[in-house]
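These numbers come from the heavy atoms of this one structure, side chains and all, not from hydrogens, waters or symmetry mates. All chains are named by letter (A, B, ...) in the order of the sequence lines, taking the proteins before the strands, and each is independently numbered beginning at 1.
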Amino acid sequence: MDVDEVVVKSEPVDDDDEDEFAIKKPVAKQAPRVPAAAARRRVVNATAVKHEVKREPDVDIEIKPATRIERKPVDRTHWQAVQETLVAPKSDLDAVRVPQGSTKSENVLEADGSLRIFWLDFLEQEGVIHLVGKVLDRASGKYVSACVSINGIQRNLFVKPRPTRFSGGRETDIEVTKADVYQEFDNIRNKHGIEEWRAKFVNRKYAFEDHTVEHGDSEWMKVVYPFDQPEIPVGTSGATFSHVFGANTSAFELLVLKRRIMGPCWLDIKGAEVSTKATSWCKIEFTVSDPKNVNPFKDDDETAPKDTPPLTMMSISLRTIVNHRENKTEILVASVRTWEGVNIEDPTPPEKQPSSVTTIVRPIEKFPPGLEQRARSERSPFQAVKAERALLNSLLATIGRLDPDVIVGHNFLGSGFEALLYRLKELKADQWSRIGRFRRKGFTISKAGSNVRLMAGRLVADLSSDAAKGMISSTTWSLTEMVGTHLKVTREDVDPEDTHTFFDHTLSTPDKLIQFIRLCEIDAYFQMAISSRVQMLPLTKQLTNLAGNSWNLTLNGGRAVRNEFILLHEFHRLKYVCPDKMFNKQKIKIVNEQGEEEEVVAGHKRGKAKYAGGLVFEPKRGLWDTYILVMDFNSLYPSIIQEYNIDFTTVEREEDENAEEEKIPDVPPSDMQQGILPRLIATLVNRRRQVKGLMKDKSASPAKLSQWDIKQQALKLTANSMYGCLGFSGSRFASRPLAALTTFKGREILTHTRELAESLQLDVVYGDTDSVFVNSNVTTYPEALKIANEFKKLVNERYKLLEIDLDATFERVLLLNKKKYAAVKIDEAGSRSTEVKGLDMKRREFSKLSKDASATVLKEILSGDATENVVNKIHEYLTSLGETVRSGEVPIEDFIIFKRLGKNPEDYPDKKSQPHVQVALRMKAKGTAVRAHDVIPYVLCLGLDGKTARSAQADRAYHPDDLRRSGSELKVDYDLYLDSQVLQPVLRLCESIEGTERARLAECLGLDPARYTSSSGNEMQERAFFTFESQITDKERFKDASPLTVRCPSCEGTFTFDGMQADGTDGVTVLRHKGVQCALCDAPVHPASVAIQMETQIRSYISKYYLGWTVCDGDGCNARTRSMGVYGRRCLGFVKPDCKGTVHPEYTDLQLYNQLLYFRHLFDADKALSTTRGSARFDEVRTLTQANAKLLADCVGVADKYLDRNGRRYVDLGSLFGFMERIRL
DNA sequence: ATGCTAGGGGTGTTCA
DNA sequence: TGAACACCCCTAG
Ligand SMILES: [Mg+2]
Ligand SMILES: [Mg+2]
């Protein structure tokens, strides 16, 4: 016996662990005590610094100079403060646990000998289903774990007889009798070694996608035989039968379908016998010989137990290190925190419920001096063991003793669990299978697949599972991020490369290591708190109850599994033969038989779309300032399925799939009886309506409300997932024609809705799949609402069930592109909020720096302020931001970019061009576990030559930890960030804002403006140009523009050129049929002279603009200065030292732009013609424009040279800068 | 092992 | 040499 054993055994099995009481009750409202050590370290973490500065001003820490970037105040708790508030179990009694084997069956079984068990999970072994759940031990009044082994589950096969005998590769005329089928099948079963079987002919229906199977009601031969007999291969057929269904159906599926078990619930089991087989680690075991004895309680059974029993939940947090010599991941610290008797429906947060903790640490080589002593004396003691094996044994002992029903983790199945399994195996830990609830001897760890099966009997709630990710809104799902956003607590991250420094045994004190242990320990609480906050267990339970699968499948599988189960239940009840579960190999085989189908069903990569989806309208781009009504169909696709009765049983599908273009089937006639899918969805929707009705009850308790809310959510999720699974080729109930029909109807409905709006003279400015954005053209809420209601009524009249509704009202909306817009939403009460969709600032590959910049610029654009002010503010902000960034005051955190790995890093064919792949490969080389779907953080740095990169060069991307590490030479590439992360998003925001210009914005940020001259893409011409200005008349627009003055070469006098007077204000014009004529001496002015004079004037306006003079509006100041930007718009007080005024540009971008537009307008023949069309002056203008065609075209050309008409009609500064250079000379 | 399609925006390669 | 295309990632619905 080695030393490790002794350590484990020194911990008595049923002793009240001291550590359970170590965490003291929270001290009410006492400020968190933060040790000096923590304060010192917190300098590393910018967020933590902020927090401490705010709450504890007297803590002496380094405070960085305030930056000019506005940062939201972070109101977060420090993790240490949280740790001290965790509650310990109240009394000794609570801590007394039932040892295995002490539960007596007479205290569990009912008086009539029946067993009541709330089943949670199962394990299937050779056709035997071992259900694991909780039973009430009346002796202790506690719910204890129990296992019921259900024997005697029979396979159910459905054999489809052929009408005529099939022989020699083709049909014959010989009719097939029942006896023929029976006979042939008897031979086949004999060949496969099936000894015991029964068969009978029954009527069943079929309605699915295999068109070689007769649809509708027909006769089938049902074959029943036990699971201990061999399986018949899928796809078996013979001369007298064409198909065999159900050959590979699992015992679990048969059990839940036949017994109508819908997810975790109380089961009434008759004839259960106590078993001593010890198949599980449960407190008590039973066996049942007939599955018919297992039944859920009837809904109206008064005596049935109703509530979910209390569960034991254990949150596991691990710390590992890579042993580079052996290339193995070893466990250093394991911490488990356990909550017993948890009512999952109770919304009380975990810190308010008692919990116990066990934390075990082992050294890398040796512990720093005094650690063992501190392990015992700390207020919350922990176990310091000498070796990893002892750690594992102690962990297993804790799991075995507490027997958790639920394991909560973060990235547990992804990495921690795998590492743990390998160590358990390698170090031959005692009774390793206690990690789950089933005793096992052989230890096989699957390399490719999931190893959850080794946890069978316990629910695994992993925060990084796909199901959890769907419930938690987060960009990275890192624990640190979620703790910050969902718990408002600052978690401290440790660079995994630094792990060994915490275990340094040459340190004089163990403080550093203890800190590390506490960080691991608190994570267990964090995980539990997050899972509780997002209500992971209650929601997944409801989903499971609706679908009728197993809870663990909902927690760790995809939604397709749930959808399959709900449909299996539904179709089984109605006596349908359902499609079999296909495995990849089988599918490919079938495809080959049918000829060279290029389609590879198994292909998991996201290929091209297989059918058309939602319709997206081309947005009418620009900033809209009249109320826009967002009219949105409620759950469009589920509603369509109901409205048009779209179902496997009702829609007639084309048989040949080889058709060039897949035809969209017709909707069934209206007298067709309701299909299964529409009915199922209707049931879900009606139940949801009922629940939502209950929720209106004002006297309902918060707990009840939250329960209903979850129910309501689960119903909605289930209804909405139906359509997606129709189109999912991996689903047993996949039906591309039905999916395509659903979306087709969606497109049709949206088109009709748009047409209806337009017929009502309402402009539809955008729409996506199920929504139309209607321009109400009004600017008050009541008016807008009135239009919305009228429109809603007219739309809804057209459908039985489909309903459009006003989803939001936008006071202002900036439409940038399809799926990209931002709006100021306003509600009835007049409160405003900003809604952003699809913009760069919503994406994880844009850093905080970028998001903040976008948000600020967007706020200005949506402010409703005058364009001129908006443009100025943007310029000022960008100038200041550029300076702040270059000064190095912005923390590294703000530069972090996130990107997800679509596959394992080494699988990329073009690794070199993707920054996140490069970073991932580097992490992997250092031993950090990196795999497909991980979100990789990185910062773009200067190259080794210190030069900026033109684009996001992959090899210049580094993990933030690499930059933070002391002694790092890495420098953030500020220019690259200012360009690709600030300028580009801002340019996209400003694209339709007049007066902003690419080069100018670039210049503000200190970037080379020459690189951002307007592009000459001619697709821009097509873009509608919507701003407030474009809606006003030319007269109004150009009222502030200076006139074009022409100097007469003959008389040297100057006169004003007023164009063609297209608006007909007065009759006198200097433009005659023979050209321009001097207003003073009537001498002709040469066309070239007019053009040159105009260009000279344009240049003078441009240079006026670029001199950038500003004027102060302060009383008696009027300072004219060119120094601007650094202090924003405050007057620098050169004239009046204490001036409080603000400075304004003397000549703005907008003024210049407008001036150029004016000059162009003077010579614009087309415009003159179109504005006079139909008026008395039309003929006159037409002859004028014809006679002076060349003059007009030349002058328009000159103006366009500066306006860059082919771009966005913005001033082209590229050539202007060259021009400025020339005048300086 | 796995819901769907539409679409923008980035990078890199290919082909006229 | 430039557009056309493929691929990757992320988001909207
Ligand atoms: Mg909708
Ligand atoms: Mg919508």
Q: Give A:D910 one of three labels, base, sugar-phosphate or nothing, depending on what nucleic acid heavy atoms sit under 4.0 Å from its own.
A: nothing

Q: Indicate, with a heavy-atom threshold strictly under 4.0 Å, whether A:A739 touches base, sugar-phosphate, or nothing.
A: nothing

Q. A:L636 has an atom CG; how far is it from atom P of B:dT5, in whole Å?
A. 16 Å

**Q.** Proximity to the side chain of A:Y821 - top-ranked nucleotide from B:dT11, C:dG13, B:dA6
**A.** C:dG13

Q) To the nearest Å, how far apart are A:L413 CG and B:dA1 P? A) 13 Å

Q) Closer than 4.0 Å, any side-chain N/O of A:R843 to the OP1 or OP2 of C:dT11? A) no

Q | A:C725 or A:A612, whichever maps to the more 5' nucleotide of DNA chain B | A | A:C725

Q. Contact class for A:Q984 vs. all strands (heavy atom < 4.0 Å): base, sugar-phosphate, or nothing?
A. nothing

**Q.** Donor-acceptor pair (no angle test) under 3.5 Å: A:R900 side chain, C:dC9 base
**A.** no

(Q) Could you tell me how far apart A:F846 (CZ) and C:dC9 (P) are, to the nearest whole angstrom? (A) 15 Å

(Q) Taking any heavy-atom pair under 4.0 Å as a contact, classify A:G613: base, sugar-phosphate, or nothing. (A) sugar-phosphate

Q.
Working note: A:L413 + A:V460, criterion side chain to side chain contact (heavy atoms under 4.5 Å, CB included); need CA distance, chi angles, decisive distance, verdict.
A. CA-CA 9 Å; A:L413 292 181; A:V460 181; 3.9 Å; yes

Q) With respect to the side chain of A:K837, which nucleotide from C:dG13, B:dT11, C:dC9 is positioned closest? A) C:dG13

(Q) Looking at A:F846, I'd like to know if the NZ or CZ of A:K851 sits under 6.0 Å from its six-membered ring centre while staying within 45 degrees of the ring's axis. (A) no

Q: Side chain of A:K610 only, please: which of B:dT2, B:dG8, B:dT5 is the nearest?
A: B:dT5

Q: Tell me whether the guanidinium CZ or amine NZ of A:K899 lies under 6.0 angstrom from the six-membered ring centre of A:Y938 and within 45° of its axis.
A: no

(Q) Given B:dT5, B:dG8, C:dC8, identify the nucleotide with an atom nearest to the side chain of A:K903. (A) C:dC8

(Q) Both A:V616 and A:A560 contact DNA chain B. Which one's nearest nucleotide lies toward the 5' end? (A) A:A560

(Q) Output the rounded distance in Å from NZ (A:K469) to P (B:dG3). (A) 13 Å

Q | Closest listed nucleotide, where the reference is the side chain of A:S913 and the choices are C:dG13, B:dT11, B:dG10 | A | B:dT11

Q | Gap between atom CD of A:E803 and atom OH of A:Y799 - 0.5 Å precision | A | 12.5 Å

Q. Taking NZ from A:K899 and P from B:dG9, how many angstroms apart are they, rounded to a whole number?
A. 15 Å

(Q) Under 4.0 Å between a side-chain nitrogen and a carboxylate oxygen: does that hold for A:K792 and A:D805? (A) yes

Q.
Considering every strand and a 4.0 Å limit on heavy-atom distances, what is the contact class for A:Y611: base, sugar-phosphate, or nothing?
A. sugar-phosphate

Q) Can you tell which of B:dC4, B:dG8, B:dT5 lies closest to the side chain of A:F728? A) B:dC4

Q) Looking at the side chain of A:K818, which of B:dA6, B:dG3, B:dG8 is the nearest nucleotide? A) B:dG8

